[in-house]
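Everything on this sheet refers to the single structure shown next.
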Amino acid sequence: MKRVLTIVLGLTCLAVNAQKKWSLRACVDYATEHNLQVIQNEYSKQAQDLNLKIAKKNYLPSISANMGNTVSFGQTSFGTGSLRNDRFSNSANLGADILVFNYGRLEKTVRKTEFDVEASQYDIETIKNDISLQIAQQYLTTLLNKEIVKISKAAVENAQKQYDRSKITTEIGTTAQTVLAEAEAGLAREKQNLKTAEINVGRSLFALAQLLQLQEYRDFDVEDVDIPDQLAPQLKGVDEVLATAYENQPQIKAAESRIKSAVAQTEINKTAFWPTVTASVGIGTFYNNLLNTNITGRDEFGNLVYERNYFGQYKDNFGQQAAVSLNIPIFNKGITKLQVEQSRLNENIAKVTLQQQKQVIRENVQKAQFDVDANYEIYISALQAEKSTKLALDFADKSYAAGRSTIYDVNVARNNYANAQGSVAQAKYNYVFSLKLLNFYAGIPLSL
């Protein structure tokens, strides 16, 4: 019973997933959360976060402890005799050091790392934006193909009616057999067009599922969004959109952050011209044991002095020290100067990269604006052509019913009307996508 219940629940879950239709917002949210390229860059961002933590930790002193043990065996010759010097020694030390002065190297390193963290975050946003645009385009392509399926279904229905009518008129002898054959051929062509349109829907859904990197794509489907046939023209200007894009697009912000990072790196390299001051403190003690005797010598009165035990020596030999060290750079083969020049070149490279990013944004915005204007004109022309071909089809149907035209004329008119409908759908979705792209650069989120 338990196994049967598990199977039923599993089938229920499959049915629920099969019925789910994805909205554009759901597709974009899923992709930006699960895309492997996004995840990879998020790990890179986490690595930069750790670099920032490491840079800030350098303000703290370094503390270390060490303990060493040494055993030595041998003898020392002198005159006609020799003396064994076998011994065991042990030492323990605890020390701390802190950087006192390095011409602000620590602060500049922290600042540079902060800019690197900013740039990596903007890189993630850039990848998310690119993925979102790809998904929006493929989503609209899927909706276009679905609309073409509706047009094809309507064409099949009309061709079926034409075939049924021709069959009746042929059977009663009012029309020739060629009329029925042409009606049957027309019906077959429309069914073929419908099958091609349905396959195109499946192909576009498959492409969208791949963009989403879904493991299972067979039951994947999207919501049917009704995009109105009457669309308004776009009134935004290129300059207005460009100003917003330069201010908000993450690839621009990433390039600006990398310029700041390059400048900070130059300042870091310059600190190598200045002295470095380090302070240190420490405590330590040691133990020494002559393995061949426990006599260490004589005191000031001539009495023999014996080795003390381990803890006794540790107590007697305990000491403290404090030190300040100054490191003054004098000559390092001109490497520091070359490093400064190299970092300044990196600054120039970063500035050129920013100009390149602005150039790409400008070209994309100008192209989007051009596409908006051109696609809208194409859309208006396609609407007029659809209206004219629909009128021609109506006249052809009436003329055929009155016996003044042939079925070939009707089929030609019907094909022209179907093509005009497809052109309207194509122009409409091209205009919608170009408009969404332009609005995207203007800072408007993607939606339908």
Taking it one step at a time, do Gln265 and Asp116 satisfy side-chain contact (heavy atoms from CB on, under 4.5 Å)?
CA-CA 11 Å; Gln265 183 61 56; Asp116 291 337; over 6 Å; no
Stepwise salt bridge (charged side-chain N to carboxylate O under 4.0 Å, His left out) test for Arg404 and Asp409
CA-CA 10 Å; Arg404 295 180 180 178; Asp409 298 326; over 6 Å; no
Can you establish whether the number of heavy atoms outside Phe273 located under 6.0 Å from its atom CZ is more than 12?
yes
For Ser91 and Thr285: C-alpha separation, side-chain torsions, deciding distance, then whether side-chain contact (heavy atoms from CB on, under 4.5 Å) applies.
CA-CA 6 Å; Ser91 63; Thr285 186; over 6 Å; no
Using the side chain to side chain donor-acceptor pair (under 3.5 Å) rule, take Thr336 and Asn332 through it: C-alpha gap first, then chi angles, then the decisive distance, then the call.
CA-CA 7 Å; Thr336 299; Asn332 70 341; 2.7 Å; yes
Salt-bridge contact Lys390-Asp394 (side-chain N to carboxylate O under 4.0 Å)
yes
When rounded to the nearest 0.5 Å, the distance separating CG of Leu242 from CD of Gln366 is 6.5 Å
Would you mind listing every salt bridge (Lys or Arg N to Asp or Glu O under 4.0 Å) that reaches into residues 91-106, with sequence neighbours excluded?
none
Side chains of Tyr441 and Thr244, heavy atoms from C-beta outward: is any pair under 4.5 Å?
no
Evaluate side-chain contact (heavy atoms from CB on, under 4.5 Å) for Ser388 paired with Tyr417, printing each intermediate quantity in order.
CA-CA 8 Å; Ser388 299; Tyr417 178 60; over 6 Å; no
Check: Val263 and Phe115 side chains under 4.5 Å, non-hydrogen atoms
no
Evaluate the side-chain proximity of Val100 to Thr278: yes if any heavy-atom separation is below 4.5 Å, no if none is.
no
Taking the side chain as every heavy atom from C-beta outward, state whether Phe220 and Leu212 have any pair of such atoms under 4.5 Å apart.
yes
Tell me the closest heavy-atom pair linking Val365 and Leu438, and the distance in Å.
O-CD1, 3.9 Å
Identify every side-chain donor-acceptor pair in residues 53-63 under 3.5 Å, counting partners at least two apart or on other chains, and give the distances.
none

Those residues at least two apart in sequence (or on a different chain) that pass side-chain hydrogen bond (donor to acceptor under 3.5 Å, both in side chains) with Arg165 are Gln162
With sequence neighbours excluded, what pairs up with Ser405 under the side-chain hydrogen bond (donor to acceptor under 3.5 Å, both in side chains) test?
Ser399
I'd like to check the side chain to side chain contact (heavy atoms under 4.5 Å, CB included) partners of Glu363; sequence neighbours left out, ordered by chain and number.
Gln359
Please check if the number of heavy atoms outside Gln192 that lie under 6.0 Å from its CD is greater than 12.
no
Basic-acidic side-chain contact under 4.0 Å: Lys112, Glu114
no
Any side-chain heavy atom of Leu214 sitting closer than 4.5 Å to one from Tyr30?
yes
Which atom of Pro275 lies closest to which atom of Ile328, heavy atoms considered:
CB-CG1, 4.2 Å
Phe101 and Tyr103 aromatic ring geometry - parallel, tilted or perpendicular at 30°/60° bounds:
perpendicular
Taking only residues two or more places apart in sequence or in another chain, which ones pass side chain to side chain contact (heavy atoms under 4.5 Å, CB included) with Ala47?
none
Separation of Asn158 CG from Arg414 CZ (nearest 0.5 Å):
5.5 Å
Under 6.0 Å from the CZ atom of Arg362, do we count more than 12 heavy atoms belonging to anything else shown?
yes
Keeping to residues at least two apart or across chains, list the salt bridge (Lys or Arg N to Asp or Glu O under 4.0 Å) pairs with something in residues 118-130.
Asp123-Arg258
Is there any salt bridge (Lys or Arg N to Asp or Glu O under 4.0 Å) pair reaching into residues 167-182, and which pairs are they, with sequence neighbours excluded?
Glu182-Arg189
Can you give each donor-acceptor pair under 3.5 Å made by side-chain atoms of residues 197-211, sequence neighbours left out, with the distance rounded to 0.1 Å?
| unit_1 | atom_1 | unit_2 | atom_2 | d |
| --- | --- | --- | --- | --- |
| Asn200 | OD1 | Arg203 | NH1 | 2.9 |
| Asn200 | ND2 | Thr196 | O | 3.3 |
| Ser204 | OG | Thr142 | OG1 | 3.4 |
| Ser204 | OG | Asn145 | ND2 | 3.4 |
| Ser204 | OG | Asn200 | O | 3.1 |
| Ser204 | OG | Val201 | O | 2.8 |

Between Tyr400 and Thr406 the two heavy atoms that sit nearest each other are CD1-C, 3.6 Å
Do Thr113 and Gln48 pass the side chain to side chain donor-acceptor pair (under 3.5 Å) test, and can you show the C-alpha distance, the side-chain angles, and the key distance before you say yes or no?
CA-CA 7 Å; Thr113 311; Gln48 291 290 356; over 6 Å; no
side-chain hydrogen bond (donor to acceptor under 3.5 Å, both in side chains) with Tyr429: which residues, sequence neighbours excluded?
Glu147
Heavy-atom closest pair, residues His34 and Ile39:
O-CD1, 3.6 Å
State, to 0.1 Å, how close Val424 and Ala382 come at their nearest heavy-atom pair, and which atoms those are.
CG2-O, 3.2 Å
Using the test side chain to side chain contact (heavy atoms under 4.5 Å, CB included), find all partners of Ala413 that sit at least two apart in sequence or belong to another chain.
Leu393, Ala396
Could you grab the distance from atom CG of Asn430 to atom CG of Leu435, nearest 0.5 Å is fine?
12.5 Å
Could you tell me the separation between the CD1 atom of Ile378 and the CG atom of Asp371, rounded to the nearest 0.5 Å?
9.0 Å
From Thr266 atom OG1 to Glu347 atom CD, the distance as rounded to the nearest 0.5 Å:
3.5 Å
CA sep, side-chain torsions, deciding dist, call: Lys428, Leu383, side-chain contact (heavy atoms from CB on, under 4.5 Å):
CA-CA 9 Å; Lys428 177 173 68 174; Leu383 284 177; over 6 Å; no
OG/Ser120 to CG/Asn41 distance, rounded to the nearest 0.5 angstrom?
8.5 Å
Taking the ring of Tyr139 and the ring of Trp22, is the distance between their centroids below 6.0 Å?
no
Shortest non-hydrogen separation from Met67 to Asn90 and the atoms involved
CG-ND2, 3.8 Å
Sorted by first residue and then second, give each salt bridge (Lys or Arg N to Asp or Glu O under 4.0 Å) pair with at least one member in residues 375-387; sequence neighbours left out.
none
After noting the C-alpha distance and the side-chain angles of Lys20 and Asp219, does the key distance pass the salt bridge (charged side-chain N to carboxylate O under 4.0 Å, His left out) rule?
CA-CA 9 Å; Lys20 176 185 176 182; Asp219 296 324; over 6 Å; no
Find out whether Pro250 and Asn129 are in side-chain contact, i.e. whether some heavy atom of one side chain is under 4.5 Å from a heavy atom of the other.
yes
Can you see whether Trp274 has Lys270 sitting over its ring - NZ or CZ less than 6.0 Å from the centre and within 45° of the normal?
no
Between Gln160 and Asp164: side-chain donor-acceptor atoms closer than 3.5 Å
yes
